[in-house]
Amino acid sequence: QVVPWGDLDSLAMLQRQLDVDILVTGHTHQFKAYKHEGGVVINPGSGTGAHSSITYDVNPSFVLMDIDGLRVVVYVYELIDGEVKVDKIDFKKTATMHG
């Protein structure tokens, strides 16, 4: 559990503890995806658009991730005003050389 929900510093700490490049999180029911400290944090939102204790203003959304080596493409599907909006977000990790 990350407290407070959606807190960027707490999510960054969890990402470091788990030693993951991509952290998928939730509980806020709001879509968000961003680069942070060399990794990616993704909150797919709420597939049904159910509200949370944080906000009643929630658009139904989900994501599909296409992971290929050091690259992940996130496709975001969001229902806004009765229309499905699809966005594409491309993240690339810098290769680390070990010697």
Side-chain angles (χ1 to χ4, degrees):
Q1 294 264 348
V2 173
V3 178
W5 299 341
D7 180 71
L8 302 183
D9 291 331
S10 298
L11 290 169
M13 184 170 51
L14 178 61
Q15 190 170 18
R16 285 191 302 274
Q17 288 172 345
L18 296 174
D19 192 26
V20 295
D21 295 324
I22 301 170
L23 178 67
V24 179
T25 184
H27 220 60
T28 64
H29 295 218
Q30 293 183 304
F31 166 74
K32 186 173 279 201
Y34 57 92
K35 284 185 174 181
H36 189 69
E37 296 183 4
V40 176
V41 178
I42 299 170
N43 183 334
S46 169
T48 63
H51 65 80
S52 73
S53 60
I54 296 173
T55 183
Y56 283 93
D57 186 23
V58 177
N59 291 323
S61 63
F62 67 93
V63 301
L64 297 176
M65 293 189 299
D66 180 9
I67 301 170
D68 184 17
L70 298 176
R71 180 179 179 212
V72 60
V73 179
V74 178
Y75 296 93
V76 183
Y77 295 79
E78 192 170 17
L79 184 65
I80 300 174
D81 297 326
E83 301 272 331
V84 177
K85 178 183 167 193
V86 182
D87 283 326
K88 177 180 158 185
I89 305 169
D90 202 334
F91 295 103
K92 288 184 183 175
K93 180 178 177 173
T94 304
T96 305
M97 299 296 289
H98 298 287

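Within a 6.0 Å sphere centred on CD of Glu83, other residues, nucleotides and ligands contribute 12 heavy atoms or fewer. For CG of Asp90, the number of neighbouring non-hydrogen atoms (other residues, nucleotides, ligands) closer than 6.0 Å is greater than 12.
By the criterion of side-chain heavy atoms lying less than 4.5 angstrom apart, applied directly or through intervening Ile, Leu, Val, Met, Phe, Trp or Tyr residues, Val24 is not grouped with Leu64; the two fall into different hydrophobic clusters. There is no path of hydrophobic side-chain contacts, each under 4.5 Å, that joins Val73 to Ile89. Hydrophobic clustering (ILVMFWY, side-chain heavy atoms < 4.5 Å, transitive): Tyr75 and Ile42 are in distinct clusters. Linking ILVMFWY residues whenever their side-chain heavy atoms come closer than 4.5 Å, directly or via other members, places Val76 and Met65 in the same cluster. Taken together through direct or relayed side-chain contacts under 4.5 Å among Ile, Leu, Val, Met, Phe, Trp and Tyr, Val63 and Val72 form part of one hydrophobic cluster.
The residues Asp87 and Lys85 are annotated as salt-bridged, a charged nitrogen and a carboxylate oxygen being separated by less than 4.0 angstrom.
Nearest approach of Ser61 to Glu78, heavy atoms of both residues: CB-CG, 4.0 Å. Closest non-hydrogen pair, Lys35 versus Lys92, comes out as NZ-O, 3.9 Å.
Ile22 contributes atom CD1, which lies 9.0 Å from atom CD of Gln15 (distance to the nearest 0.5 angstrom).
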Are Asn59 and Leu79 close enough, and set up right, to give a side chain to side chain contact (heavy atoms under 4.5 Å, CB included), and what steps lead you there? CA-CA 6 Å; Asn59 291 323; Leu79 184 65; 5.7 Å; no
